[in-house]
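Here is the structure we will look at.
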Amino acid sequence: MSIKLPEEGELIRIEGGKWKVPDKPIIAYIEGDGIGPEVVRPTIEIVNEAVQLCYGSSRRIIWVKLYAGDEAEKMYGTRLPEETIKLLEVIRVLLKGPLYTPPGGGWRSINVYIRQRFDLYANIRPVKYFDGLPSPLRDPEGIDLVIFRENTDDLYVGIEWPWNSEEARKLREFLRKEFNVDIPDDAGIGIKPMSRFKSMRISRLALRYAIQTGRKVVTVVHKGNIMKFTEGAFRNWFYEVALSEFRDHVITEDELREVYGGSIPEGKILVNDRIMDNMLQQLILNPKNYSVIVCPNVNGDYLSDAAAALVGGVSVAPSANIGDSAALFEPVHGTAPDIAGRGIANPTATILSACLMLEYMGWLEASELIKRALQEVIRSGKVTPDLARYRNVKPLTTEEFKREVIETMRCLR
């Protein structure tokens, strides 16, 4: 099989982190496994409708379907064809459904490979409450967090060996001989790299975002009290960036208390840090005290799923994977094989991920129209089964939900 770029449309260029978007951009999509096709296809329809409603015939996305996961294995004999990688190198912007990764064995994550292959170092996950979503909190209104998760370091690099491998045996012997570190012979071994460069660039991106969007607090979350030279270093490098590169914009918690009497002054951003286990508690007890959160890879995965539970769950949780020359947008949730093919999947997380894509493209009107329509539809109780059970309303199919969003967008225009 050979996929060619369409003659119509132009490629998005990303230069120095700045997007240059033509009126008819070529964008790739991968439907994914499980419920992937059921959430990606309606998302594309909704995005196309929003673009047409906002810009008429002057703008249009030219979509190119690429293959990965189950569908690719049937067609190419591999779960990530070389053709897909080569086209992504050219197209650079991807909307993707979830792809399955087996736990405890089997193939490694395609998601992680793509992030590493294209150096998509920032996994950005907004967590915002929509009126009508279920929440375990009494007062979830006003929750509005953006989590910046470092995406290419930490345990996700995948440097590990099973307990009974020759590599693990050699490493145990080396550690015993050279460093007097005794690891049991029945222990698997993983390595947790955390670099100064990567830690500082994600910190820099989060601080710039806070300044550009007028957010008042940036919190670095870590387990540096125990892992002093990885996560502790991540914390220290965050402060180094904040205090050396953004000193005119930031104040510390000590300064907040000792100089400013506990009130963040106009035009300043509070930078602080929290231990990971305490931050999970803070999310539940004081979520509105936090605005932008920066964390290492593993912590960011845990924290963003926990935060999503406060505002409806992972079925409404979007994400962007951003690098200096490429970007991938995908829902936080997995493939949900138990409901695949039944037409009841919730496409909201994928729709909101596409909204993030539109925002990076500068097509803010289309993104805002979709989000306003989603808010109206959810508030009115027109939701898929995962949310309907909390509202005591009749659930909609995925197709019915898509039609409600499109019709609401038309009414809002």
Side-chain angles (χ1 to χ4, degrees), residues 32-34 68-70 72-73 76-82 84-85 88 96 98-123 149-202 221-237 275-277 295-306 319 321 323 328 330 332 334-335 337:
D33 301 330
D70 292 342
E73 191 162 35
Y76 293 86
T78 177
R79 298 187 69 80
L80 185 59
E82 185 63 26
T84 295
I85 293 298
L88 286 176
K96 187 183 77 62
L99 291 168
Y100 178 66
T101 304
W107 58 88
R108 289 198 176 273
S109 169
I110 293 173
N111 296 330
V112 172
Y113 175 81
I114 292 174
R115 292 170 188 166
Q116 293 175 350
R117 174 67 178 75
F118 292 95
D119 198 23
L120 304 177
Y121 62 87
N123 184 216
R149 169 193 174 198
E150 204 291 318
N151 221 12
T152 58
D153 241 349
D154 207 346
L155 296 174
Y156 273 71
V157 175
I159 306 172
E160 61 174 358
W161 299 275
W163 71 274
N164 57 352
S165 66
E166 181 65 11
E167 294 88 348
R169 185 192 65 77
K170 288 181 178 180
L171 189 52
R172 286 192 296 263
E173 286 184 0
F174 174 80
L175 291 172
R176 285 169 185 153
K177 180 178 179 181
E178 298 295 330
F179 299 109
N180 198 31
V181 173
D182 189 16
I183 295 178
D185 288 338
D186 61 352
I189 299 175
I191 294 179
K192 180 186 178 76
M194 204 162 287
S195 79
R196 183 174 187 269
F197 170 76
K198 292 181 178 182
S199 301
M200 292 179 82
R201 71 176 174 177
I202 188 69
V221 178
H222 59 92
K223 192 64 178 170
N225 57 328
I226 304 300
M227 291 173 275
K228 297 181 185 295
F229 307 117
T230 50
E231 300 208 10
F234 186 94
R235 169 197 179 275
N236 294 342
W237 289 325
I275 301 295
M276 175 61 188
D277 44 328
C295 41
N297 205 337
V298 176
N299 287 348
D301 206 6
Y302 297 156
L303 200 63
S304 56
D305 274 22
S319 77
N321 297 268
L328 181 161
E330 62 184 346
V332 170
T335 58

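Along the sequence shown, residues are numbered consecutively beginning with 1.
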All salt bridge (Lys or Arg N to Asp or Glu O under 4.0 Å) counterparts of Lys223, not counting sequence neighbours:
Asp277
State which residue, out of Asp301, Ile202, Asp154, fulfils the side chain to side chain contact (heavy atoms under 4.5 Å, CB included) condition with Pro296.
Asp154
Residues forming a side-chain hydrogen bond (donor to acceptor under 3.5 Å, both in side chains) with Ser319, sequence neighbours excluded
none
Smallest separation among heavy atoms of Val298 and Leu155, with atom names
CG2-CB, 3.9 Å
Spatial distance of atom CD1 (Ile183) from atom CH2 (Trp163) [nearest 0.5 Å]
15.0 Å
Applying side chain to side chain contact (heavy atoms under 4.5 Å, CB included), can you list everything that pairs with Ser195, at least two apart in sequence or on another chain?
Asp153, Phe197, Lys198
Does the Asn123 side chain pair with the main chain of Asn151, one donor and one acceptor, at a distance under 3.5 Å?
no
Just do the side chain to side chain contact (heavy atoms under 4.5 Å, CB included) check on Leu175 and Lys177 with the steps written out, would you?
CA-CA 6 Å; Leu175 291 172; Lys177 180 178 179 181; over 6 Å; no
Quick one: list whatever passes side chain to side chain contact (heavy atoms under 4.5 Å, CB included) with Val157, sequence neighbours left out.
Gln116, Ile159, Pro193
Between Ser165 and Trp161, is there a donor-acceptor pair closer than 3.5 Å when you use the side chain of the first and the backbone of the second?
no
Side chain to side chain contact (heavy atoms under 4.5 Å, CB included) evaluation trace for Phe229 with Met194:
CA-CA 8 Å; Phe229 307 117; Met194 204 162 287; over 6 Å; no
Main-chain N/O of Arg196 paired to Ser199 side chain as donor or acceptor, under 3.5 Å:
no
In Å, rounded to the nearest 0.5 Å, how long is the span from CG of Leu99 to CG of Leu80?
8.5 Å
Sequence-distant partners of Phe174, ring pair (Phe, Tyr, Trp, His ring centres under 6.0 Å), two or more places apart
Phe179
Please identify each residue that fulfils side-chain hydrogen bond (donor to acceptor under 3.5 Å, both in side chains) with Asn236, with sequence neighbours left out.
none
Heavy atoms, side chains only, cut-off 4.5 Å: are Phe234 and Met200 in contact?
no
Working to the nearest 0.5 angstrom, can you tell me the gap between Asn297 CG and Arg115 CZ?
7.0 Å
Applying side-chain hydrogen bond (donor to acceptor under 3.5 Å, both in side chains), name anything that partners Arg172, two or more places apart in sequence or on another chain.
none
If the condition is salt bridge (Lys or Arg N to Asp or Glu O under 4.0 Å), which residues does Glu231 pass it with, not counting sequence neighbours?
Lys192
Working to the nearest 0.5 Å, report the span between CD of Glu167 and CD of Glu160.
12.0 Å
Going by atom types only, do Thr84 and Glu82 share a side-chain donor-acceptor pair under 3.5 Å?
no
Is any side-chain heavy atom of Glu73 closer than 4.5 Å to one of Thr78?
no
All salt bridge (Lys or Arg N to Asp or Glu O under 4.0 Å) counterparts of Arg169, not counting sequence neighbours
Glu166, Glu173
Could you tell me whether Asn164 atom CG has more than 12 heavy atoms of other residues or ligands within 6.0 Å of it?
yes
Hey, could you give me the CD1/CD1 distance between Ile275 and Ile226, rounded to the nearest 0.5 Å?
8.0 Å
Residues in side-chain hydrogen bond (donor to acceptor under 3.5 Å, both in side chains) contact with Asp119, at least two apart in sequence or another chain:
Arg201
Kindly compute the distance separating CZ (Phe118) from CG (Leu328), expressed to the nearest 0.5 Å.
9.5 Å
Across all chains, not counting sequence neighbours, the side chain to side chain contact (heavy atoms under 4.5 Å, CB included) partners of Asp182 are Arg176
Non-neighbouring partners of Thr335 that pass side chain to side chain contact (heavy atoms under 4.5 Å, CB included), sequence neighbours left out
Asp33, Pro98, Tyr100, Pro337
Residue pair Val112 / Ser109: nearest heavy atoms and the distance that separates them:
N-OG, 3.0 Å
